[in-house]
Colleague: 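The structure's right below; bear with me while I get my questions together.
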Amino acid sequence: MNLSFMAKDFRNIEYHTNQDGDGLKYYACSTLNTKRKELSFHKNKGAIVQMRWEVSIGKDIKNLSETFNFTPQFGEFVEYQNLFDYINQLCRKEKNMNMKITDLQVSWQKEFLFKINPITLELGYLWISDIKQITKNYKWDNNEWIEI
């Protein structure tokens, strides 16, 4: 019988390990292989996100866009396990600029593997992503994100 132990990393985020010392740490959204220095996100937890929005500045409207890798609990998303929680928080911060997301495309990844420094937990480069990714479009409707 393989026993699992719960622990917390230096960022105070919980993970499970196995008694056999296989070098694997199981987070809520990913598995860290400390021996291979790889972080693999569970199916449909990590995503490649393309977001377009407009910002009203005086009488002008600026159209902006950004593409990023959503890596829950890692990188700049340490505080988040859910993409939409992150986006909602971002929108609240930018509300004073009248930010309105006009297009949100999310490619949820079946395979999403990054190189990582297992000591500092600093993400390296994207190693493997889902070749057959399916992009889903979302819109903000009635205070929730719905797929369109």
Side-chain angles (χ1 to χ4, degrees), residues 1-55 62-97 99-141 143-148:
M1 185 166 97
N2 200 1
L3 294 175
S4 178
F5 296 98
M6 192 173 86
K8 289 187 178 183
D9 65 22
F10 67 89
R11 305 166 309 157
N12 205 31
I13 296 179
E14 290 182 352
Y15 65 88
H16 295 271
T17 59
N18 291 322
Q19 170 186 356
D20 62 9
D22 59 4
L24 299 178
K25 295 181 179 181
Y26 302 96
Y27 286 87
C29 301
S30 60
T31 301
L32 170 63
N33 185 325
T34 59
K35 292 178 182 174
R36 296 179 71 185
K37 299 180 181 177
E38 295 175 344
L39 179 68
S40 176
F41 289 92
H42 303 157
K43 182 179 176 182
N44 296 332
K45 294 295 183 183
I48 298 171
V49 180
Q50 184 175 44
M51 190 166 76
R52 291 188 193 92
W53 67 95
E54 58 184 40
V55 178
K62 276 185 133 176
N63 291 305
L64 305 168
S65 66
E66 180 181 6
T67 300
F68 59 90
N69 294 324
F70 178 66
T71 54
Q73 296 184 310
F74 287 88
E76 60 190 89
F77 307 101
V78 170
E79 301 171 33
Y80 301 96
Q81 289 186 32
N82 180 295
L83 172 64
F84 298 107
D85 290 344
Y86 168 74
I87 290 173
N88 292 341
Q89 184 70 26
L90 177 71
C91 289
R92 272 196 283 284
K93 285 180 185 174
E94 301 298 333
K95 212 156 192 118
N96 62 343
M97 293 174 49
M99 176 181 172
K100 178 186 174 196
I101 294 178
T102 58
D103 185 34
L104 180 63
Q105 296 179 343
V106 182
S107 298
W108 296 106
Q109 301 294 295
K110 291 179 187 160
E111 293 184 70
F112 208 40
L113 188 126
F114 286 79
K115 288 297 183 180
I116 189 169
N117 180 321
I119 297 166
T120 65
L121 300 181
E122 184 178 325
L123 281 180
Y125 52 91
L126 176 59
W127 185 249
I128 298 173
S129 66
D130 192 1
I131 293 172
K132 297 178 184 175
Q133 60 189 336
I134 297 170
T135 301
K136 295 185 177 185
N137 293 295
Y138 295 88
K139 72 175 186 173
W140 182 251
D141 186 31
N143 286 327
E144 67 178 337
W145 289 100
I146 59 168
E147 188 179 337
I148 53 174

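Keep in mind the model is a prediction, meaning the values are calculated, not measured. Residue numbers count from 1 along this sequence.
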Colleague: Rounded at 0.5 Å granularity, tell me how far CZ in R36 sits from NZ in K115.
Modeller: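 R36 atom CZ to K115 atom NZ measures 7.0 Å (nearest 0.5 Å).
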Colleague: Which heavy atom of R11 sits nearest a heavy atom of Y27, and at what distance?
Modeller: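 It is NH2-CE2, 3.8 Å.
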Colleague: Considering non-hydrogen atoms only, spot the tightest contact between N18 and D22 and give its length.
Modeller: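 Smallest interatomic distance, heavy atoms only, reads ND2-OD2, 3.2 Å.
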Colleague: Would you indicate whether the side-chain heavy atoms of E79 and Y86 approach each other to under 4.5 Å?
Modeller: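 When only atoms from C-beta onward are counted, E79 and Y86 do not touch, as no gap falls below 4.5 Å.
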Colleague: With rounding to the nearest 0.5 Å, note down the distance linking CZ in F112 to OG in S30.
Modeller: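 The CZ atom of F112 sits 11.5 Å away from the OG atom of S30.
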Colleague: Would you check if the distance from the ring center of F74 to the ring center of F114 is below 6.0 Å?
Modeller: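 Centroid separation for F74 and F114: 6.0 Å or greater.
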Colleague: Between T31 (side chain) and S40 (backbone), is there a donor-acceptor pair under 3.5 Å?
Modeller: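 Checking the backbone N and O of S40 against the side chain of T31, no donor-acceptor pair under 3.5 Å is found.
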Colleague: How far apart are the closest heavy atoms of N117 and I119, and which atoms are they?
Modeller: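 Of all heavy-atom pairs spanning N117 and I119, the closest is OD1-N, 2.8 Å.
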Colleague: When rounded to the nearest 0.5 angstrom, what distance separates NZ in K45 from CZ in F70?
Modeller: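 So the gap between those two atoms works out to 9.5 Å.
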Colleague: For residues W108 and K136, report the shortest heavy-atom separation together with the two atoms involved.
Modeller: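 In terms of heavy atoms, the two residues are closest at CD1-CD, 4.1 Å.
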Colleague: Just so I know, are the side chains of K139 and I146 near enough to count as touching, which here means a heavy-atom distance under 4.5 Å?
Modeller: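 Heavy-atom side-chain distance check passes, below 4.5 Å.
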Colleague: Of all the heavy-atom pairs spanning T120 and F10, show the shortest one and how long it is.
Modeller: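 Smallest interatomic distance, heavy atoms only, reads O-CZ, 3.3 Å.
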Colleague: How about L121 and L32: do any of their side-chain heavy atoms sit closer than 4.5 Å?
Modeller: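 Yes, at least one pair of side-chain atoms sits under 4.5 Å.
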Colleague: Could you check whether any side-chain heavy atom of L104 comes within less than 4.5 Å of a side-chain heavy atom of F84, counting everything from C-beta outward?
Modeller: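 Result yes, sub-4.5 Å side-chain heavy-atom pair found.
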Colleague: Do the side chain of Q109 and the main chain of S107 share a donor and acceptor less than 3.5 angstrom apart?
Modeller: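 Looks like yes, one N/O pair under 3.5 Å.
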Colleague: Under 4.5 Å between any side-chain heavy atoms of W127 and E38, yes or no?
Modeller: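 A side-chain contact under 4.5 Å exists here.
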Colleague: To the nearest 0.5 Å, how far apart are OH in Y125 and CD1 in I116?
Modeller: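 These two atoms lie 12.5 Å from each other.
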Colleague: What are the two closest heavy atoms between Y80 and Q89, and how far apart are they?
Modeller: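 Looking at all heavy atoms of both residues, the shortest contact is OH-CG, 3.1 Å.
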Colleague: To the nearest 0.5 Å, how far apart are OG1 in T67 and CD1 in I48?
Modeller: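 Atom-to-atom, T67:OG1 and I48:CD1 are 9.0 Å apart.
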Colleague: Check whether any side-chain heavy atom of E76 lies under 4.5 Å from a side-chain heavy atom of F68, and answer yes or no.
Modeller: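 Sidechains of F68 and E76: no contact.
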Colleague: Find the distance between CG (D9) and CD (Q73) and round it off to the nearest 0.5 Å.
Modeller: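 Between D9 CG and Q73 CD, I get 8.5 Å after rounding to 0.5 Å.
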